[in-house]
2 protein chains.
Amino acid sequence: MNTALTTEPSTDELCCEPSGRPVLSAVDAQDKARILKALSDPNRLRLLSIVKAGDTGGSCVCDLTEPLDLGQPTVSHHLKILVDAGLLEREKRGTWAYYSLVPGALETASASLLAL
Amino acid sequence: MNTALTTEPSTDELCCEPSGRPVLSAVDAQDKARILKALSDPNRLRLLSIVKAGDTGGSCVCDLTEPLDLGQPTVSHHLKILVDAGLLEREKRGTWAYYSLVPGALETASASLLAL
DNA sequence: CCGCCATATCGACAATTGTCAATCTATGGG
DNA sequence: CCCATAGATTGACAATTGTCGATATGGCGG
């Protein structure tokens, strides 16, 4: 990208370099922060952990409510946040809703931290 | 742990398995969430990005305030959150404070996502 | 010694978030 | 056709968070 500088190191003040690097843009930052915000709640981390440990068919809400000691609406709320963040996907089978990890989503989130 | 069942697959309802897996404990979840919460703000992500892109001596606050378009107290506040989360370290030289990445901290956070 | 400068801290405020109780929707069984 | 059940949605509320202005602290130059 932009290489800039190199000619004049400093003029009067030299607290630090005059910046202008290809740092994370405001848009990219907000994008990554949206995913990380979904991951920044302990109960949501536990939800992901339970879903990940579950079988490939997905976990239903009834199995996710008890171990978290939270009300059913609260669990539904957290699941929606995780789905909106692209971390979980929902599939309805009969009366029940099954949640499963979106393949590669956690890896992407993980990589976005290293790519800061 | 408990193996249970095996003899009787189900009695009346068979929505899903009765759980009981070694999922993320509440304590571990809160621990990981603390780090991820520090990473869940776009301005803090940009701070980290700028510090990471800066030279090895660390970046001073004066260089971090302008590109973010935030007030100086706000930047100081975010930096404190990042230091408390163990992601940045602060070193004061003269009048200026220099911030640098804690080696391996981002890698640890990244790995904690994959280890869910 | 005095005042400027960089940074941290404090107090306040609006916005967001996590939680629950109550209600709504939809599916399946009698 | 009506009821029971799984799950989502709504509304409310307390707690937390991001931001700013004002002020405190601490080092450096005159």
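Fair warning: this is a prediction, and the values are worked out from it, not measured in the lab. Chain letters run A, B, ... following the sequence lines, proteins first and then strands; every chain starts at 1.
Distance check: B:Tyr98 OH to B:Cys60 SG gives 5.5 Å after rounding to the nearest 0.5 Å.
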List, one per line, each side-chain donor-acceptor pair under 3.5 Å for residues 30-46 of chain B, sequence neighbours excluded.
| residue | atom | partner | partner atom | Å |
| --- | --- | --- | --- | --- |
| B:Lys32 | NZ | B:Ser112 | O | 3.3 |
| B:Ser40 | OG | B:Lys37 | O | 2.8 |
| B:Asp41 | OD2 | B:Asn43 | N | 2.9 |
| B:Asp41 | OD2 | B:Arg44 | N | 3.1 |
| B:Arg44 | NE | B:Ala38 | O | 2.7 |
| B:Arg44 | NH1 | B:His78 | ND1 | 3.1 |
| B:Arg44 | NH2 | B:Lys37 | O | 3.2 |
| B:Arg46 | NE | A:Leu24 | O | 3.0 |

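If you measure from atom CZ of B:Arg90 to atom P of C:dT7, you get 9 Å, rounded to the nearest angstrom.
Within the 4.5 Å cutoff, the side chain of B:Leu68 has heavy atoms near those of the B:Ile50 side chain.
Residue A:Leu70 places its side chain closer to C:dT19 than to any other of C:dT19, D:dG18, D:dC28. Distances from the side chain of A:Trp96 to the nucleotides D:dG7, D:dC28, D:dT17 place D:dG7 closest. Among the nucleotides C:dT27, C:dT19, C:dC5, the one closest to the side chain of A:Asn43 is C:dT19. In the set D:dA22, C:dT7, D:dA6, C:dT7 carries the atom at the smallest distance from any side-chain atom of B:Val61.
For B:Thr108 (side chain) and B:Gly104 (main-chain N/O), a donor-acceptor pair under 3.5 Å exists by modelled atom type.
Taking the nucleotide of DNA chain D with the nearest heavy atom to each of B:Arg44 and A:Tyr99, the more 5' of the two is matched to A:Tyr99. Position along DNA chain C of the nearest nucleotide to A:Asp69 versus A:Lys92 favours A:Asp69 as the more 5'-ward residue.
Between the base of C:dA8 and the side chain of B:Gln72 there is a donor-acceptor pair shorter than 3.5 Å.
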